[in-house]
Enquirer: 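Can you keep this structure in mind? I'll have questions shortly.
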Amino acid sequence: MSPPTSPTPHTAPNTPHPAPLVTRFAPSPTGHLHVGGARTALFCWAFAQAQGGRFMIRIEDTDQARSSDESARGILEDLAWLGILWNDGPTLTTPLGAIGAQSRPVGPYFQAQRLGLYNQYLEALVRAGRAYPAFESAQEIDVLRQAAVAAKKTFRYPRPADVVPGVFPAQRWSRAQAGEPHVVRFVAPSAEVVVNDQILGPVRFAPGEMDDFVVRKTDGFPTYHFAVVVDDELMGVTHVLRAQEHLINTPRHVALQQAMTRLDTGARFATPVYGHMPLIFNMDGTKMSKRDKAKAARKAAKDALTKNPALNAGTLAAATGLAETAVSAFLNAESDDVNTAEAVARHFKVGLPEIEVYDFRASGYLPEAITNFLALLGWSPGMKDAAGKDVEKFDMAFLAKHFSIDRIGKKPAQFDRTKLLSFNADAIKALPDAVFAQRLVTWAAEFNPAFAAQLAALPEAARTRLLAVIKPRCRTLGDAPGVCAFAMVSDQALAFDPTAMDKAVRTDAGRAVLRAFATALPGLNPTEPAAVDAWVKAHAEAGGMKMGEVAQPVRIALTGGTVSPPLGDVVAVLGTASSLARVERCLAQA
RNA sequence: GGCCCCAUCGUCCAGCCUGGUCCAGGACGCGACCCUUUCAAGGUCGAGACACGGGUUCGAAUCCCGUUGGGGUCACCA
């Protein structure tokens, strides 16, 4: 090993890796799976698939304060829902089988369970004179940092004079062993570090840029940098694809790798192949984050407060059942609490932007639409279809076959919800009717139980026809309840839109059409939608009317409004008796 | 501010590596029209970009340099 002060540049060599190729996605379980994380996981998965390698999940729960098991499970479930399945990692039992059950024996896959390992490697690093206990408190460091900022200088932790690279810091070690609170810092190399990034090309970091960063915190847990390097080595990770925000961290990881040897084989740590992909932003250019939900809800609340001076934090708290202190903190942007945001949004009936995979799931997006769309954020197949157009619609199997690092772009992408919505609408349209019905029922059972119950209450034939008819009218599964509403309300509870009634029904012509329809209805076969449509056409021709003059009064009578699926289908779903009852009732109000 | 990354239609992507076939192609959105019993769906057409300035070259969206702009990161978070 070259001494740390060597002028020899530290490089991350792009050496070919023998099989198996291993990629990993390593989320920290501090919330739901973010769409950005989902894309990272997708790319890691796709690359491993395309290369015949393995895709691994590791849970980075070294932040004791913020990590939770529920979050870890939620992230795994979201990944599974998206169809991003892992070869190695925690086992997740699903109706389709246990994911991760065939993992390589390199676990545990939760970092909090690997503390012993980190400590062994840490002690070896200290004994090699490449790390040392440091006893300044976080507060003391903070003072130094503030001073540096005030002086407009970059703060770098000054290495204590008694620390000599390559020499075991015996005194510091015994103080630490005696129980004195401390962190452990890495002796940063003074040479240049070059990262041969597979997406960005070689990235050079000048000597002296890196300071002696912390590798173990006061609480005894390793920092992200240390845990990642140890685990990637011990778990055989060969390729690291991650977001560009990690690019700056990479020299630290490379430096660590070059300072460390395996305890079992004595081999030097390998440096994996790195690729840093561009970030994903909102359409306004800001970083997508959970805070966007709070921002949206706050805006809705402020708008309402402006319009209605009687409203304030107190009345809002009463209306939403929240604590007044929580509401005012939220309104003053002192808190971005998600629960508060959601309660406020519900109160003002505004939708919150989907940020996490779970949000999109709840809104009725299809996993295949999300993964397709996400894949295009930073990657493209660069292929033309038979018509000579760019290929942009593809499934997971296509990705698994064609994904490659060299087609990952470099520039950050903005998350265009409108385009995602279009992809989702297309994905729904592509579903066979039976599959659509099954997906909708599954979705409703989880996210809209009331609608699920209404669907279940429908006769099977009517439900089948209804769902087939609404399919092209749904851009998300969440659109379905609205489109289906006419069929879910009882004949007696159906409300006729007053404006529509005045315009098309409360006229001599309108009433006459409804009477004629009521007369004809019992003779029309309800299972044959074409019969109703034919009647509309014939009646219009016979009366010298436009089709709309006949169809709209009937539509209003049957559905309460001017917008609905085709009349034949509406009658087919409602049945003759119900249709007749609605027409009679409408006539009574005309 | 230091360090690092990036730069083609409003947005996502193709083209750039291997300069000419590019007065730049596809998709979403937008506009118009067609279809049509409403709403969707479907079809046709259209508007819409190589950030700027220097080079190199017979020739640059493509190569080089600079400027400007955008972003990331500067934690005992990951």
Side-chain angles (χ1 to χ4, degrees), chain A residues 26-28 30 60-63 65-67 134 136-138 141-142 145 149 152-156 182-185 195 197 199-201 203-206 209-211 213-219 221 223-225 227-228 243-251 276 278-279 281 283 285 287 373 376-385 387-393 406-407 409-423 425 429 469-475 479 483 500 504 533 536-537 540 546-552 554-556 559 561-568:
Chain A
S28 64
T30 56
E60 308 216 323
D61 53 353
T62 53
D63 184 338
R66 297 197 300 152
S67 298
E136 298 85 357
S137 69
I141 296 293
D142 222 41
R145 183 174 294 115
V149 170
K152 295 198 171 181
K153 285 184 178 168
T154 303
F155 173 73
R156 290 197 181 81
H182 67 284
V183 298
V184 177
R185 288 179 180 271
V195 176
D197 192 282
I199 295 169
L200 301 171
V203 182
R204 318 180 80 88
F205 297 87
E209 285 296 319
M210 196 187 306
D211 68 354
F213 57 92
V214 174
V215 286
R216 188 172 67 190
K217 307 177 237 179
T218 307
D219 66 5
F221 276 67
T223 59
Y224 162 74
H225 305 296
V228 154
Q244 235 174 66
E245 58 189 338
H246 288 292
L247 180 60
I248 300 285
N249 294 327
T250 311
H276 289 91
L279 267 15
F281 293 95
M283 283 304 278
K287 207 171 167 180
F373 177 73
L376 253 12
L377 250 38
W379 183 80
S380 75
M383 295 163 70
K384 303 274 188 195
D385 64 17
K389 296 186 171 183
D390 293 340
V391 172
E392 68 165 16
K393 291 292 174 62
D406 57 5
R407 292 204 61 82
K410 297 179 178 183
K411 59 177 221 183
Q414 298 189 31
F415 191 90
D416 185 350
R417 292 167 187 285
T418 314
K419 182 156 180 171
L420 201 215
L421 190 57
S422 168
F423 270 45
K429 255 175 278 166
V469 161
I470 66 156
K471 192 179 78 171
R473 292 170 170 77
C474 291
R475 292 165 75 75
D479 288 342
V483 183
D533 294 331
V536 170
K537 190 160 191 269
K546 287 191 229 164
M547 301 266 264
E549 294 177 86
V550 178
Q552 286 308 79
V554 173
R555 190 183 311 284
I556 293 161
T559 69
T562 54
V563 174
S564 86
L567 292 181

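Hydrogens, waters and symmetry mates play no part in the numbers below; they use all other heavy atoms, side chains included. By convention in this document, chain letters (A, B, ...) are assigned in the order of the sequence lines, proteins followed by strands, and residues within each chain are numbered from 1.
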Enquirer: So, using side chain to side chain donor-acceptor pair (under 3.5 Å) as the criterion, who are the partners of Ser137(A) when residues are at least two apart?
Expert: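 For Ser137(A) the side chain to side chain donor-acceptor pair (under 3.5 Å) partners, ignoring immediate neighbours, are Gln139(A), Glu140(A).
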
Enquirer: Roughly how many Å is it from CZ in Phe213(A) to C1' in rA75(B), rounded to a whole number?
Expert: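 One finds 13 Å between C1' of rA75(B) and CZ of Phe213(A), rounded.
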
Enquirer: Is the distance from OP1 or OP2 of rG15(B) to the nearest side-chain N or O of Arg407(A) less than 4.0 Å?
Expert: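 It does, given that an N or O in the side chain of Arg407(A) lies less than 4.0 Å from OP1 or OP2 of rG15(B).
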
Enquirer: Is the phosphate of rC77(B) approached by Lys217(A) (side-chain N or O, under 4.0 Å from OP1 or OP2)?
Expert: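 For rC77(B), OP1/OP2 do have a side-chain N/O of Lys217(A) under 4.0 Å.
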
Enquirer: Give me the distances for all protein-to-nucleotides 28-31 of chain B N/O pairs that come in under 3.5 Å?
Expert:
residue: rC28(B); atom: O3'; partner: Ser422(A); partner atom: OG; Å: 3.4
residue: rC28(B); atom: O2'; partner: Lys419(A); partner atom: N; Å: 3.4

Enquirer: Is there a donor-acceptor pair under 3.5 Å between the side chain of Glu209(A) and the backbone N or O of Ala206(A)?
Expert: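 No; judged by distance alone, with no hydrogens or angles, the pair does not exist.
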
Enquirer: Is the distance from OP1 or OP2 of rA41(B) to the nearest side-chain N or O of Arg473(A) less than 4.0 Å?
Expert: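 It does not, given that no N or O in the side chain of Arg473(A) lies less than 4.0 Å from OP1 or OP2 of rA41(B).
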
Enquirer: Are there any protein N/O atoms within less than 3.5 Å of an N/O atom in nucleotides 62-65 of chain B, and if so, which ones and at what distance?
Expert:
none

Enquirer: Given the rule in the side chain to side chain contact (heavy atoms under 4.5 Å, CB included) test, do Tyr224(A) and Glu60(A) qualify, once you have shown the distances and angles that lead to the verdict?
Expert: CA-CA 8 Å; Tyr224(A) 162 74; Glu60(A) 308 216 323; 3.3 Å; yes

Enquirer: Distance-only, no hydrogens or angles: does the Thr250(A) side chain make a donor-acceptor pair with backbone N or O of His246(A) under 3.5 Å?
Expert: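 Between the backbone of His246(A) and the side chain of Thr250(A) there is a qualifying donor-acceptor contact (under 3.5 Å).
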
Enquirer: Just the rounded figure in Å: distance from P of rG26(B) to CH2 of Trp379(A).
Expert: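 Spelled out: CH2 on Trp379(A) to P on rG26(B) is 20 Å.
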
Enquirer: Please state the C1' separation for the pair rU62(B) and rC17(B) - nearest whole angstrom.
Expert: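 Taking atom C1' in both rU62(B) and rC17(B), they lie 9 Å apart.
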
Enquirer: Would you tell me if any nitrogen or oxygen in the side chain of Lys393(A) comes within less than 4.0 Å of OP1 or OP2 on rA27(B)?
Expert: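 Result: no.
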
Enquirer: Using a 3.5 Å distance criterion without hydrogens, assess whether the side chain of Arg555(A) forms a donor-acceptor pair with backbone atoms of Pro566(A).
Expert: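 No.
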
Enquirer: Using atom types as modelled and distance alone, determine if a side-chain donor or acceptor of Arg407(A) lies under 3.5 Å from a backbone N or O of Trp379(A).
Expert: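 Such a contact is absent between Arg407(A) side chain and Trp379(A) backbone.
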
Enquirer: Could I get a table of every N or O pair under 3.5 Å where one atom is in the protein and the other is in nucleotides 18-22 of chain B?
Expert:
none

Enquirer: For RNA chain B, whose closest nucleotide is more 5', that of Phe415(A) or that of Gly388(A)?
Expert: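 Of the two residues, Phe415(A) wins.
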
Enquirer: What pair of heavy atoms forms the shortest contact from Ser67(A) to Asp63(A), and how long is it?
Expert: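 Reported closest heavy-atom pair: OG-O, 2.9 Å.
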
Enquirer: For RNA chain B, report each stem as range with range, ordered by first number, or say none. Use Watson-Crick or G-U wobble pairs under 3.5 Å, at least 3 in a row.
Expert: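 Ordered by first number, the stems with RNA chain B (at least 3 consecutive pairs each) read B:1-7 with B:68-74, B:10-13 with B:25-28, B:30-34 with B:42-46, B:51-55 with B:63-67.
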
Enquirer: Gln414(A) has an atom CD; how far is it from atom P of rA27(B), in whole Å?
Expert: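 Roughly 21 Å, once rounded to whole Å.
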
Enquirer: Say whether, by atom type as modelled, one donor and one acceptor occur between the side chain of Thr223(A) and the main chain of Val214(A) under 3.5 angstrom.
Expert: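 Yes, the answer is positive, given that a donor and an acceptor are paired below the 3.5 Å cut-off.
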
Enquirer: Is there, by distance only and without an angle test, a donor paired with an acceptor across the side chain of Ser380(A) and the base of rC13(B) below 3.5 Å?
Expert: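 Result: no qualifying N/O pair found.
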
Enquirer: When you measure from the side chain of Lys217(A) to the backbone N and O of Thr62(A), does any donor-acceptor pair fall under 3.5 Å?
Expert: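 Judged by distance alone, yes, a pair lies under 3.5 Å.
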
Enquirer: Report each atom pair, protein N/O against N/O of nucleotides 3-7 of chain B, whose distance is under 3.5 angstrom.
Expert:
residue: rC5(B); atom: O2'; partner: Gln244(A); partner atom: OE1; Å: 3.1

